[in-house]
Amino acid sequence: MLSPERRTSMAERRPSFFAFQQATPLLVPHLAGIEDPLPEATPENVDVLIVGTGIVESVLAAALAWQGSNVLHVDSNDYYGDSSATLTVEQIKKWVSRINDNKIPCYKNAKLYASNDIGPTCKYKSRSFGIDLSPKIMFAKSDLLSILVKSRVYQYLEFQALSTFHTFENDSFEKLSNSKQEIFTNDTLPLMIKRNLMKFLKFVLNWENQPEIWEPYKDRSLADLLAEKFKLERPQVFELIFSIGLCYNTDAKIPETLQRIRRFLISFDVYGPFPVLYSKYGGAGEISQGFCRSAAVAGATYKLNEKFVSYNPETKIATFENGSKVKVEEKLVLSPSQAPEYSYNMPEQKYEVHRLTCIVEKDCSEWFNGNESAAVIVFPPNSLKSGNQEVVQAIIVGSGSECCPDGTCIWYLFTTQQGPRAELDLDAALEAMEISIIRESSVKIPQDESLVQVSEDGHSTINSFKLGQSFKEYVKREKVQFLFKLYYTQCTMVPPFNVVDPSLFMPSSGASSKFIPSACDNNVIYTAMPSSEISYDEVITAAKVIYEQIVGSDDDFFDIDFEDEDPVTSSNSYGTSRAIQYDENAIEDEEEEDIDMDQGDKDGDNSDVVGKLEI
Amino acid sequence: MLQFKLVLLGDSSVGKSSIVNRFVKDTFDEFRESTIGAAFLSQSIKIKDPKTNQDVIIKFEIWDTAGQERYKSLAPMYYRNANAALVVYDITIADSLLKAKSWVNELKEKVGNSTDDNDNDNDNNNNNNNLVIHLVGNKLDLVEDDPEMRSVATEDAVKYSTDENLLFKEVSAKTDFNIKEVFQTIGEKLYEIRQKELDNNNNKQNKGEINISLPRPSTNDSTSCCS
């Protein structure tokens, strides 16, 4: 149901718009320090009340505030971020015990080990760590990134590159060859495969216009299409589906999977030779704070430690635990993780995301590229001891991200596997990572032919069995020291695939019209808990769906026309960190010619990467 | 050019915004529309290097609370990497100095001051052991008109500032008294600290992590995409 009346947009409300029509300036939002402070009391009337400061709610708050809505944004916690928060070790401890007291809906089975080396007088301080409850990576070409730039929220944040994607196969980590150059110069790839691979990459960038190729496979998996139509072999198929497409199992459907592979390829080289960025000091928690600040600049009111208790749709009065009340003129938006007791309207959160987050006392720089401080590791189905059916994905974040102190590293593992099996898969993946990092960070591998094996498909792999034997002593002495280990299960109504589909986030038409007399959440719009998706893909879609519900259309979603000075000149790096401007190359290169398939055997000089292919 | 992040703190209606307005725009209590959407305000000043006597440009990136201090809901992001803080109180309201003191405590706790006994991780999450805090008593103009209105004695604030190692001045955003001087002092102090850091850490390279600068949206007109 769309509200019939539309509020004027920010652009319309800007005084310059009225300058010719009216003498007195109209009310504009309270801007960063430009106006007198707002009245001290809680606003008695607001247009929209948003409960929970997770990333979707925060984007929504900023969008509505800039659109002109009077927004009250609260969170029952004493920190920002809700289900996407970035927390210190101490905060995690409290969070875990609240889950185990059943005080946080949508979370269960939380288990925590935290070393005594983390504490006020210890080697590591709790607040030196920023642990994401919902770790994500951001593609360089994505709607969230566009909104970050458009809203200028990016100015509050610092971003770093992530270009390393490892796939775990044959008991070792294969680094992804994700550039055209790497494909051409990879001596282990037979020429035929190179050609077929390039043929597929060319197709995937323009798949919508070539339905004749993929439509016959619509009800089958991409693996079939890759094998039959493009004659690709298993290693390439796996790399495309799991490392580039970041899919969850071999059933991955077409065309969603094509879309995901393209997402990676077109993100490559937008800001430099990497497809993904991540924000320093924490992921979704930082981005949430940024959008909340933006909303505050646009006039939204913020209250932490404010627990929502009930809403009466007839009087439109929302009540908080401390007894305060507010009249909500239009809509109340509620995060499931902050739903009070008697929330009978909450959609069923039937999908589980199992997470295992560890902090190890090792910098893990072996896994990072150059200056970078983060990597992604993918464990495809059936690659682990546990015989995993679903993928296990891991995001590795090192100290350069300022999320953990020097000499430590955070490992975020997660899987879409449902049920108790998931923990076995996570454990198996953790063990594989442990063995791998010890091996890689140990003394240099001696030149021993028997240690290196060349497999049938031409990949050279280190024989881990022999390696394990020759370093038996060493490996035994060096163990990965865990400072922190946290298991938990988060539930969500969002299925683990195709999260950009807006219909997933539509409040189910039945529920919103239903009135349950004893419920405290009648007529409330629920947001979605984070999905298992590794990227931020769902965030903007989810926020827009609710925005449209409230405003009537999403035409003016972040339609802000800033008038101040050039933002490019204000870099967001402080201190000694240098900001490198990649933007110029990102916009240029339009004359890049289409790929010439016959250049396949010319190595080296063809240094552009697949991301630049014309679409 | 050296760039520093400066945050504002203090209770509502002590005049935080007026001080920044006066400093950045040289206006008082006047409607400005040109700053709509400003992530933060910037202003540069010139100081002299005490040794070489050469001009140095100091650019302040000034973060206002955007109202998030009202319900004690400032985000960690606000304090992060702050180089300086302006803590403001109103000399005509006795209580506001007390509140300012609690903001100073909050700052020291959140940003981490040099009193922190752990040196192992001083590179991480905060390299702000040299946070410069400037206490400011605003609305001096009111007291000049009517001395009866003063509720906070200058000596009390001076004593507190000395004890806590803060810079201190009484100012008036309305008459532009001492405003520039406050920022000038902060700038000089920041420069002094930065020089000391450079001397001490000459051999210490930065960790080499590289931040990516996100561009403006490509939909912008051609006049704005030169950087």
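Residue numbers start from 1 in every chain, and the chains themselves are labelled A, B, ... in the order their sequence lines are given, proteins ahead of strands.
- No hydrogens or angles considered: a donor-acceptor pair under 3.5 Å links the side chains of Tyr80(A) and Gln68(B).
- To the nearest 0.5 Å, the span separating OG on Ser73(B) from CG on Asp75(A) amounts to 9.0 Å.
- Taking a 6.0 Å sphere around NZ of Lys169(B), one finds it holds more than 12 heavy atoms contributed by other residues, nucleotides or ligands.
- A side-chain donor-acceptor contact under 3.5 Å links Gln289(A) to the backbone of Met77(B).
- Atom NZ of Lys101(B) has more than 12 neighbouring heavy atoms from other residues, nucleotides or ligands inside a 6.0 Å radius.
- Taking 4.5 Å as the limit, every side-chain heavy atom of Ile212(B) sits out of range of all side-chain heavy atoms of Glu158(A).
- For a residue to count as touching a neighbouring chain, one of its non-hydrogen atoms must lie under 4.5 Å from one of that chain's; by this rule Leu74(B) touches chain A with the backbone only.
- In this structure, Thr301(A) and Tyr71(B) have side chains that are in contact, with non-hydrogen atoms separated by less than 4.5 Å.
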Before you tell me yes or no, could you show the steps for Lys72(B) and Asp78(A) under side-chain contact (heavy atoms from CB on, under 4.5 Å), namely the whole-Å CA-CA distance, both residues' side-chain angles and the distance that decides it to 0.1 Å? CA-CA 9 Å; Lys72(B) 292 268 173 196; Asp78(A) 59 1; over 6 Å; no

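- With a 6.0 Å cutoff to the six-membered ring centre and a 45° limit on the axis angle, Arg80(B) counts as a cation-pi contact of Tyr281(A).
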From CA spacing to verdict: side-chain contact (heavy atoms from CB on, under 4.5 Å), Trp63(B), Arg293(A): CA-CA 11 Å; Trp63(B) 289 47; Arg293(A) 180 171 161 81; 3.7 Å; yes

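- Closest approach of Ala296(A) and Ala66(B) over heavy atoms only: CB-O, 3.5 Å.
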